Amino acid sequence: MSKTKTSFKCSNCSYTTIKWMGCCPECKEWDCLVENIISSNSGPNKIYATTTPPQLISLTSIDTHEQPRILSHIGEWDRVVGGGLVPGSLIVVTGDPGIGKSTLLLQVAYNIAKMHRVFYFSTEESLQQLKGRALRLKTTDNNLLFSDTAELTSIISLAQQEKPDLIIIDSIQNCYINDTHTLPGSTGHLREAAFQLMRLSKEHNITVIITGHITKEGIIAGPKTLEHMVDGVFYLQGEDRWQTRMLRAVKNRFGAINELGFFNMEQNGLQEVPNINAHLISEISHAPGSAIISIMEGSRPILLELQALTNASKLTMPQRVVSGLDHKQVVLIAAILDKYVKIKLSMHDIFFKVSGGFKIKGSESDLGTAFALLSSYFQEALPERSIALGEISLTGQIKPINNIGHLVKEAEKFGITTLLVAKNQTIEKTSCVIRRFHNVYELLSLFGQ
Ligand code: TYD
Ligand code: MG
């Protein structure tokens, strides 16, 4: 006998229930439960009998001959994606609106189209707008082909017929799928689109790049939900007021994560900055309140300037304004200095930032933070061409950091001559002068008071 079952599925978050409701209890969206009728006139045994069984094969019969990677010859891009794009992979490029995703991808597509077939689907901007950008980037004169269709099924069927090497869909959030119950822009829709593109890339060996904004809902409706479905996720980051843009590999099945690439947003698009440290060091000022640190970003040591400004406060609750670093980390170091060095930072306003719009995490910057604060407090600059490498414990002890060899080697290359480190820090080989500190109290020896 035929049985009919009814369930209701949320088109936003895929929550399923047997009863219709006006508001989804999971994602709190209104009017998004869609009826789903499942009719079954067969018992489970019958299903097994009619399904074609999959084929099993041994691993030795699989050809592992690697296909060459697709290179754009934009060094920073090729390096961050793991040495060029892997044929048949699906990756997401994401970032805030206006950060430069379309600009970067147009440049990458233009370069790749010199050797490969590339289709660019612009679902957000008209072809006229796209041409305007291409003229600015001087990327008009080659075989790169464009379309402004946003319907995913037709994009996929075109790709199946034409078999290009690479397709770019800018952006996935603006794509819609005909004949689907999911709402455009919803999580369910995004997942379905990604699933269909994953099949396209794997079954037809076509590389697919999609872009996605970090929406206000961020984690729920944004590209975050796609992370586990795709081969790679790359964030383009930076601050509007700074020109520097960083491309960071957050997930990469074919390369290292946390790999970083640097670009400058200029009049004619994103220009790669292969030597970021030379660029950063040239902007560092030797002045009170400034301390240089070096930290690992992916496989690269980066030299950064920390800047502090401390002023006797007129407020009962002195201000702490921090950017580029965890606010609590700076407050903590100030509290440690207050306690063990007996300076009155608790009665000072503190303004603190990492130069160049960089954001750093972790405690490798502790010693640099302490030096920047002390240097501003005493209005005395640190020794010229020095870097601070160390963590600070709650008891005021200076602790060594790992992998210092790499950091020191890179720092030497850029003219650093003094290392400010923990007492028991091991350093293998260096031509720099080493100043060692056991605890925060000893940091005062650098200031002539
Ligand atoms: P865009 O690539 O459209 O950002 P997204 O796709 O991430 O939303 O970049 C837009 C910004 O980049 C815009 O503010 C203008 C700036 N820009 C330049 O400074 N130089 C250029 O050559 C181009 C094309 C854009
Ligand atoms: Mg865009």
Side-chain angles (χ1 to χ4, degrees), residues 65-95 99-149 155-156 158-172 197 200-202 204-211 230-232 234 236 245-247 249 252 254-255 259-275:
H65 175 70
E66 259 194 31
Q67 285 177 285
R69 300 227 178 187
I70 302 172
L71 294 173
S72 70
H73 298 290
I74 298 176
E76 294 291 283
W77 165 270
D78 288 342
R79 192 170 48 76
V80 174
V81 296
L85 292 165
V86 172
S89 60
L90 167 63
I91 67 165
V92 187
V93 175
T94 182
I99 201 74
K101 299 180 292 298
S102 304
T103 307
L104 176 64
L105 288 183
L106 186 56
Q107 290 177 269
V108 167
Y110 173 80
N111 272 21
I112 292 180
K114 288 177 187 163
M115 301 291 291
H116 299 84
R117 286 189 79 206
V118 187
F119 296 171
Y120 192 113
F121 296 93
S122 173
T123 65
E124 272 180 10
E125 289 165 306
S126 68
L127 294 177
Q128 280 79 8
Q129 284 172 312
L130 215 90
K131 176 144 189 201
R133 175 181 291 125
L135 284 170
R136 195 167 165 186
L137 302 177
K138 300 193 177 61
T139 55
T140 42
D141 59 337
N142 77 0
N143 342 334
L144 179 57
L145 293 174
F146 296 93
S147 161
D148 59 1
T149 180
I155 294 177
I156 290 178
L158 177 73
Q160 283 171 345
Q161 268 170 35
E162 298 286 327
K163 298 204 175 10
D165 300 296
L166 168 67
I167 66 169
I168 293 175
I169 301 179
D170 181 18
S171 73
I172 189 75
L197 288 168
L200 172 78
S201 67
K202 300 290 171 259
H204 297 268
N205 200 31
I206 297 170
T207 305
V208 181
I209 304 179
I210 54 183
T211 68
V230 298
D231 294 314
F234 301 89
L236 189 61
R245 299 284 180 270
M246 284 158 266
L247 183 70
N252 193 356
F254 310 110
E259 194 58 76
L260 262 188
F262 293 92
F263 299 88
N264 256 344
M265 181 59 97
E266 286 172 16
Q267 282 301 317
N268 51 349
L270 286 161
Q271 303 305 321
E272 52 178 328
V273 186
N275 203 340

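Because the structure is predicted, anything quoted here is derived from the model rather than measured.
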Would you say the side chain of [Y] lies within less than 4.5 Å of the side chain of [X], judging by non-hydrogen atoms?
X: I74; Y: F263; value: yes
X: L144; Y: L106; value: yes
X: H204; Y: I156; value: no
X: L270; Y: Q107; value: yes
X: F234; Y: L104; value: no
X: V86; Y: R69; value: yes
X: N205; Y: Q67; value: yes
X: F121; Y: L158; value: yes

Among residues at least two apart in sequence or on other chains, which ones pass ring pair (Phe, Tyr, Trp, His ring centres under 6.0 Å) with Y120?
F146

The test is side-chain contact (heavy atoms from CB on, under 4.5 Å); show your working for F254 and I91 and say whether it passes.
CA-CA 11 Å; F254 310 110; I91 67 165; over 6 Å; no

Contact summary for G269 and T103, nearest pair of heavy atoms
CA-CG2, 3.9 Å

All heavy atoms of S171 vs all of E124, minimum pair found to be OG-OE2, 2.8 Å

Mark yes when over 12 heavy atoms from residues, nucleotides or ligands other than K114 sit less than 6.0 Å from its NZ; otherwise mark no.
yes

Given 3.5 Å as the limit, does a donor-acceptor pair link the side chain of [X] with the main chain of [Y], or not?
X: R245; Y: I99; value: yes
X: D231; Y: L90; value: yes
X: Q271; Y: N264; value: no
X: S201; Y: T207; value: no
X: S72; Y: A109; value: no
X: K101; Y: G95; value: yes
X: E272; Y: E76; value: yes

Show which side-chain atoms of residues 160-169 pair as donor or acceptor with protein atoms under 3.5 Å away, not counting sequence neighbours.
residue: E162; atom: OE1; partner: R117; partner atom: NH2; Å: 3.1
residue: K163; atom: NZ; partner: Q160; partner atom: O; Å: 2.8
residue: D165; atom: OD2; partner: R117; partner atom: N; Å: 2.8

Tell me yes or no: between the side chains of D148 and S126, is some donor less than 3.5 Å from an acceptor?
no

Qualifying residue for side-chain contact (heavy atoms from CB on, under 4.5 Å) with D78, from V108, L71, N111:
L71

